Amino acid sequence: MPDPSIQLDLARLVSAVGVLAHLSLASSFLGAIALAVIGEYIWLRRQDKEWLDLAKKFNIVATIFFGVGAAFGTLVEFGLVTIWSNFIAIIGTAIALPFFLELFAFLFEVIFLPLYTFTWNRISKWAHWTIGLLAAIGGYYSAYNILAVMSALSVAPPGLTLVNLAEQGKNVAGAINWLAAFQTPTDAWNIFWWGANVFIFHGILAAVILSWSGVAGVVLYLYIKEKKSWQVKLLKVVVPTIAVLTAIQGLLLGHLQGELVVEHDPLKLAALEGMFWSGLRTDPLTSFVAYGDFNHQFWGYYSWPADIRPPEFVSVFYLGFMVGAGILLGILTAGIGLYLLFGWFRRIVQPLLKPSVYLIPLLAALAAIGGAVSTESGRYPFILVQSVPSADGPPQIVGVPVYQGGLFNPTLQLDPLLAALIIIVEIAMPALAGYMVYLALARPPKLLKRLVEY
Amino acid sequence: MDALTAITVGLIAWAFAVHLPLVYTVLGLTWLLPTLELIGLRKNDDRYFDVAKSLSRYLIFTYAIGGVFGTIVTVFLAGLLPVFTNAAGVLLWPVWGVAIVFGVAISLPLIGFYYRSFGKMDDAKHIALGYGLAVVTSVIPAMFRLVFAFINYPMGVTAKPDPNSIVGFDLGVDLWQALGNPTYPPLLIATLAGAIAFTAVLISAVYTWRYAKTKDEHYKIGKEFGAKVGLIFGVIYVLASVWYLYEVYQYSPTMAWSIFGSPPSYLPAQLQPVYQPTLNLSWLFYLDVILGVVVLAFLATALRSANAGLAMVAFVAVIALMDGAEVLNGLAHLPYAIVPSPPVALALINAYGANFALQVADTLKVSALITPQINSLVQLIGAQPWLLSFSLALFVIFNLILLGGFYLVFSWRPKPQISAQQ
């Protein structure tokens, strides 16, 4: 039997790759369906056929990413059943509500998206647009509920209590050692508390920024080569929007989320901000951002025992990737956006257009990966994290551990070969989705005699 | 049956009743579409490709909805029966794992790829892709049916007393023994043959109706192809079902009692109170037999003529037959989520005493596995019943939209394009 710690690392790697791949597919769907609905709306208002063509293309792209992304959602879900099997008991005892509500979002997506795809030119134009809007609402509401669950994993919602059965010498059927439960039944709604909403909208905007940055990169590349009018029209919508959304992320939602981390998980704050000291110490910059003064003291990363500290590398993902790349993305897209809309900064922006083909998607990807890794790894080794004040030391950080005795399936045997196989599938699926998009949009059909309308 | 158990069973049964006909047609189409293409290639007849292409649109529409309802099933299981689902994950993780990686994760994008590459790929390669897709998709029922077989008869399971366990025992499983479950092979064969037959009958029924109205040769081809395939695989399905019922009778007394209406002859009188089912579903069993005869009569006529009325009756009958058979299979376990088989019960009695065996049996009941004392969704629905009523109303609306969507998908025939890219 392989070493349990290696198994845990392999399981985490498999899950991390799967979650990131699913996030990329889900983000692509959210971005594409939004562009399809916006494009069709502009066509309806202006009767500009180029926007109709764009809307149809983004509809196809959205359908492809939805299909592959839904498969990945199932993959991630069954990953919970097989790898983190005890998470299922947590779902039932605590956080089933957003999953239950997500069913309705699923139904919206899965019924209205195919209808939207198959009813172009078959029903009234505004009715068709409304169907697309309903499909998009389904997609965003689905993201809302899943992000509520992810938010709860990082900061436990108010009213949630954790029970360590093992401490009481108990278990369920020899498999389940932890239970989480709300104090009263209606506290289950607390999973949508205001702090969760900050996390949720931060995640949703990040998804749109990431996917629209990909679109911006591809269209900018085509624009530099072909200089077609539809390319300019699309860039004028997409690039300035990325800049505005990035500003909202950094200045409003990111700030509020930081305040929540300060209040609810000081250990995660220490890891993210790179406060690598022991005991209380003043950190002027963090103090200013969090409290508006320069004198506040913070517990350093080494104030807590090593076995509950998140990995040190999260500060790189947070400060370097998410914050750094996010700021650069905001500045770059703001400059290009102002150039596209008003012709400003021509001399500065024009030489930047070619590298921006790669820079915009790359910076967005780095910021997104940085955000996802720092959020999820920053709470490791716990989920449902809670901070308990302590009279003579740093606040006590508690939560359900993800390792053996916590969420990890005690009977799982995951060898490196199987893990590698799963990771190949996880990487191949987004690649296949990309190839399908290429087939649908770019590659002319070989055999015309049997081609029928999609 | 108490109200909580009824709601739980009702919600899960509803999700299954929508999910299973959809995934049956997906599975059936993955085998039938490349077969239609193959026939078209061999006969050099493009009309078979046209039929395959128009049906592939249904494949995409259905897989997406069927997949989502599969997720709904899982969410209901996790939210309403968390301990059961948790234990199933711990014990049967290789089964879930194979189904996920080789079935769900690969087959869905492949379906999209197969659909999008119609007419954009060499015919032979596209047919090979179709059969590859069929094999991969078949892995999903091959794995999940093992879970169903496990529920019928938990072969390979061990239960040892554990005073620290809240339920009083620990569970374990020997997967190799589980694979030898006698109810598994006939259930799997019946599922695969049933999926192909079910889909073929649906195609034949819809195309018969369309052919009777339009006299279009496109529909005639689908009608006759569906009838032939439906007859062949329908016979295999019936034979496998008889085998399955025989094994269920031998190993799963609660199910056998519910299906046939009386306890199996081998069951001792003192064990009858333990194995008595909640529901007597023998009426459903006989109804399924009658529906099967109706479908058979339609298939026999569809080979030579086109009776629109009979086609529509067969369309409804085959869906009712399929749903009826699955509901029968799913509800006959009650009150148990996992039926404790007599050999296991006897082994437990011999090893640990009668009280322990009864304790295990009681814990395997649906009412116990709901764990109402710790289940947040169940508690919330209890405190705010409007949530359930509201949800049921939405489910009804979505079902109606779904039926409308099916009508649209079937009723619109794809239009040939003049140019390559429009």
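In what follows, every chain begins at residue 1, and chains take the letters A, B, ... in the order their sequences are listed. In this text, all values refer to a predicted model and were calculated from it rather than measured experimentally.
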Can you tell which part of [X] gets under 4.5 Å to a heavy atom of chain B, answering side chain, backbone, both or neither?
X: A:I95; answer: backbone
X: A:F112; answer: side chain
X: A:A94; answer: backbone
X: A:L432; answer: side chain

- Query: Partners of A:T184 by side-chain hydrogen bond (donor to acceptor under 3.5 Å, both in side chains), sequence neighbours excluded?
  - Reply: A:D187
- Item | Side-chain (A:S142) to main-chain (A:E102) donor-acceptor, under 3.5 angstrom | no
- B:K53 to B:Y48 six-membered ring, cation-pi geometry met (6.0 Å, 45°): no
- Query: Which residues pass the side-chain contact (heavy atoms from CB on, under 4.5 Å) test with A:I424, sequence neighbours left out?
  - Reply: none
- Query: Just wondering, more than 12 heavy atoms not from B:L400 lying within 6.0 Å of its CG?
  - Reply: yes
- Note on the structure: Most heavy-atom pairs under 4.5 Å with chain B, out of A:F108, A:F66, A:F99, belong to A:F108
- Counting heavy-atom pairs under 4.5 Å to chain B, which of A:L107, A:T63, A:I422, A:V68 comes out on top? A:L107
